Amino acid sequence: MTTSTQQAAPVVIPSAPKKVKKARETGRNPVMTWFWNVVGIGIAVVMAFPIYWMIITTFKTNKDLISQDPTFWPSSFSFESYKTIFDDSLFLPSLWNTLYLTLGSVVLGLVVGFLAAVAVARFKFRGRNFFIVTMLVVQMVPLLAIIIPLFVVMNGAGMTGTIFGVVLAYLVFTVPYVIWTLRSFIVNIPAELDEAAMVDGCTQWGAFFRVILPLTLPGLITTGVYSWIQAWNEFIVANTLMSTSGQKTSMIWLTFYSTTPTRGADYGAQMAGGLLVSLPVIILFVFFQKKVSAGLTAGAVKG
């Protein structure tokens, strides 16, 4: 009995793929990349130098401040400039007034502006396009053009010299910005989501709180931060409306502090006051930096 054996075919084990050298991307020159990197670093250094000079000046002694040759590093650190600022009896009350004004204007501006933006984006009514264009035009009007009529109206209502009156005046430039910005966010939210929520049993307010509000949160944070910066740094309206009561905001205090004969040449104290006044805005912006960046791009699709 003969048996035929078949020779098994050799098993071929695939070899590991060799690393292919990544080809150079077309259109990119390494020399130009390094050149533009150096240019970017140079611009960053130029932009950051005034901030560095401001901070380092607050720690300089009077000898370094009045020296003919500027020093880029203090010979000895001194906190006398900060002590001088905190010894001023008007500094902390002015800072608290600014905080109250900013919080009030941001909260009221977001509430009123958000509801108005929802109405403009979700409902069709007569004059809607005219209202949208009006919000854009209002932002183009210089603040100096409306300060006198604004003072006349607020003075007639008996609200000059009060914190609440200045908060209402701040809504003039806060609310149009909030409406115009948040409208683009709400337009990008499909109306079918609202309808689906109401089909599932939500009321119209329920759909608002469960659908529109969470999806518009990046836009609320973005507009809130920029509204905070506008209100915190505002000078003209606060100086005009609060002049009758003698109260000051931090910007008014800093302006008059820098022009007084006794403190006009105290550059260390001036820099310390400017740094302390701007520090809350810097901290706020750094803390919400990622959310602000996401909010700026989230509402830029259409609208």
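On a predicted model such as this, the values are computed, not experimentally measured, just so you know. Hydrogens, waters and symmetry mates are skipped; everything else that's a heavy atom, side chains included, is used.
- Note: W73 and Y52 have parallel aromatic rings, judged against thresholds of 30 and 60 degrees for the angle between ring planes.
- Counting non-hydrogen atoms of neighbouring residues, nucleotides and ligands closer than 6.0 angstrom, the CZ atom of R122 exceeds 12 such neighbours.
- The aromatic rings of F49 and F72 lie tilted to each other, with the angle between the two planes from 30° to 60°.
- A heavy-atom distance below 4.5 Å is found between the side chains of L215 and L193.
- Remark: F235 CZ is packed, more than 12 non-hydrogen atoms of other residues, nucleotides or ligands lying under 6.0 Å away.
- Other cluster members for I282: V286, joined by side-chain heavy-atom distances under 4.5 Å among Ile, Leu, Val, Met, Phe, Trp and Tyr.
- Aromatic rings of F114 and F185 (six-membered ring for Trp) have centroids beyond the 6.0 Å cut-off, not under it.
- Side-chain atoms of Y226 and T181, non-hydrogen and from C-beta on, never get closer than 4.5 Å to each other.
- S250 is linked by a side-chain hydrogen bond (donor to acceptor under 3.5 Å, both in side chains) to T98, counting only residues two or more places apart in sequence or in another chain.
- Screening residues 233-242 for side-chain hydrogen bond (donor to acceptor under 3.5 Å, both in side chains), with sequence neighbours left out, gives Y170-E234.
- Minimum interatomic distance between L182 and A117 (heavy atoms only, all atoms of both residues): CB-CB, 3.8 Å.
- Counted within 6.0 Å of CH2 on W96, heavy atoms from surrounding residues, nucleotides or ligands total 12 or fewer; the atom is thus considered open.
- Dense packing is recorded around CZ of F125, with more than 12 heavy atoms of other residues, nucleotides or ligands lying under 6.0 Å away.
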